[in-house]
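Below: the structure, in structure tokens.
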Number of protein chains: 2
Amino acid sequence: MESQDLRKAGLKVTLPRLKVLEILESAQQRHMSAEDVYKALLEMGEEIGLATVYRVLTQFEGAGLVSRLSIEGGHAVFELEDGTHHDHLLCVRCNQIEEFIDEVIEQRQRVIAAEKGFQMTDHSLYIYGICRNCQS
Amino acid sequence: MESQDLRKAGLKVTLPRLKVLEILESAQQRHMSAEDVYKALLEMGEEIGLATVYRVLTQFEGAGLVSRLSIEGGHAVFELEDGTHHDHLLCVRCNQIEEFIDEVIEQRQRVIAAEKGFQMTDHSLYIYGICRNCQS
DNA sequence: GTGTAAATGAGAAAGGTTTTCATTTATATT
DNA sequence: AATATAAATGAAAACCTTTCTCATTTACAC
């Protein structure tokens, strides 16, 4: 009953929105670009325009249903929002993305923001590297 | 004698390169986009193409003379390399950028990368917030 | 001074994302 | 259940930052 999620978010229940949600929920990869979602829709037989995919993802972000990662060099990727804040490790070879949570870092960030007189609104931490599989 | 910096970096000493270096060294703002540099050059009376500014900044980055920050939502900004690794605090109102160094966070990042089996190549941490001046 | 490889300028092209606008659709209302 | 209305969609154009192409100019080695 994903329709409820959409209604709760104040969005009309439309086929493109339901299908995009479905893709995000069932995809093998948790992190997908707009293009990835678009292609997955095509494979599913749904002819939904790329512009609509972008619009829907942006609305979902606004509604708190997904988060947007702005990774270095290029396109954004989206992940279903699961309520947990986490940061990311990205493999520069295979583009795989892993997540991690580190309370020590979180705490230090709060301290630093306070020290500098900043009212923190957000923060993003990306660790780039070569994952275990790609080191061979 | 900035010419030496260029020669040391294996770059020919050309007027565009000297002028871009000059802008970066004398600018009131330490963090500048390619467009910022381009405009500063125009104000200085130097007719240097935007493509050249991009090329020069990219070469400077390769030569270790400047660092490129990939901040959220759009264009890259460049800063003169001063040898110190540091992270950034960005004001979402006035776009001012502050720098900070935190050895605890650095250390935790190394630990996390190791735990996940990543050979870390780079990392980027941005704290977004409202700076002291903009909170009034 | 001259030759040669490298650098530049202008504009075109690229790549990801957003906008426009006419058409379609979901939902509130009758 | 039919209808009105505001919102959503598709397709293509526009956008924006950045890179590339290619003819011309320039720096540096000889």
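Numbered from 1 within each chain, the chains take letters A, B, ... in sequence-line order. Please read these numbers as outputs of a predicted model, since none were measured by experiment.
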[X] [atom1] to [N] [atom2]: how many Å, rounded?
X: B:Tyr38; N: D:dT18; atom1: OH; atom2: C1'; answer: 14 Å
X: A:Leu57; N: D:dT9; atom1: CG; atom2: C1'; answer: 15 Å
X: B:Phe78; N: D:dT18; atom1: CZ; atom2: P; answer: 7 Å
X: B:Phe60; N: D:dT18; atom1: CZ; atom2: C1'; answer: 18 Å
X: A:Ile71; N: C:dG15; atom1: CD1; atom2: C1'; answer: 15 Å
X: A:Leu6; N: C:dT25; atom1: CG; atom2: P; answer: 18 Å
X: A:Tyr54; N: D:dG10; atom1: OH; atom2: C1'; answer: 16 Å
X: B:Gln59; N: D:dT18; atom1: CD; atom2: C1'; answer: 14 Å

If you only use heavy atoms from C-beta on, which nucleotide in [options] is closest to the side chain of [X]?
X: A:Thr14; options: D:dC28, D:dA8, C:dA10; value: D:dA8
X: A:Thr52; options: C:dG11, D:dC28, D:dT9; value: D:dT9
X: B:His75; options: C:dT8, D:dT18, D:dT9; value: D:dT18
X: A:Arg17; options: D:dA8, C:dG16, D:dT19; value: D:dA8
X: A:Lys12; options: D:dT19, C:dA5, C:dT27; value: C:dT27
X: A:Leu50; options: C:dT17, D:dT18, D:dA27; value: C:dT17

Given DNA chain D, 5'-ward residue of the pair B:Val13 and A:Pro16, judged by closest heavy atom =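 Its nucleotide being nearer the 5' end, the pick is A:Pro16.
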Specify the residue among B:Leu15 and B:Val77 whose closest nucleotide of DNA chain D lies further upstream toward the 5′ end.
->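 Result of the comparison: B:Val77.
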Between A:Gln96 and A:Arg132, is a side chain to side chain contact (heavy atoms under 4.5 Å, CB included) present by the stated rule, with each step listed?
-> CA-CA 11 Å; A:Gln96 175 219 352; A:Arg132 213 185 310 261; over 6 Å; no
Would you indicate what [X] reaches in the nucleic acid, counting non-hydrogen atoms under 4.0 angstrom: base, sugar-phosphate, or nothing?
X: B:Glu47; answer: sugar-phosphate
X: A:Arg7; answer: sugar-phosphate
X: A:Ile48; answer: sugar-phosphate
X: A:Arg55; answer: base
X: A:Ala34; answer: nothing

Using a 4.5 Å cut-off on heavy atoms from C-beta on, say whether the side chain of [Y] contacts that of [X].
X: A:Glu81; Y: A:Leu65; answer: no
X: B:His88; Y: B:Tyr126; answer: yes
X: A:Glu79; Y: A:His86; answer: yes

Just do the salt bridge (Lys or Arg N to Asp or Glu O under 4.0 Å) check on B:Arg30 and B:Asp82 with the steps written out, would you?
-> CA-CA 11 Å; B:Arg30 173 165 159 71; B:Asp82 60 4; 3.5 Å; yes
Which value, rounded to the nearest 0.5 Å, describes the distance between B:Ile112 atom CD1 and A:Ile101 atom CD1?
->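 Rounded to the nearest 0.5 Å, the CD1-CD1 separation comes to 10.5 Å.
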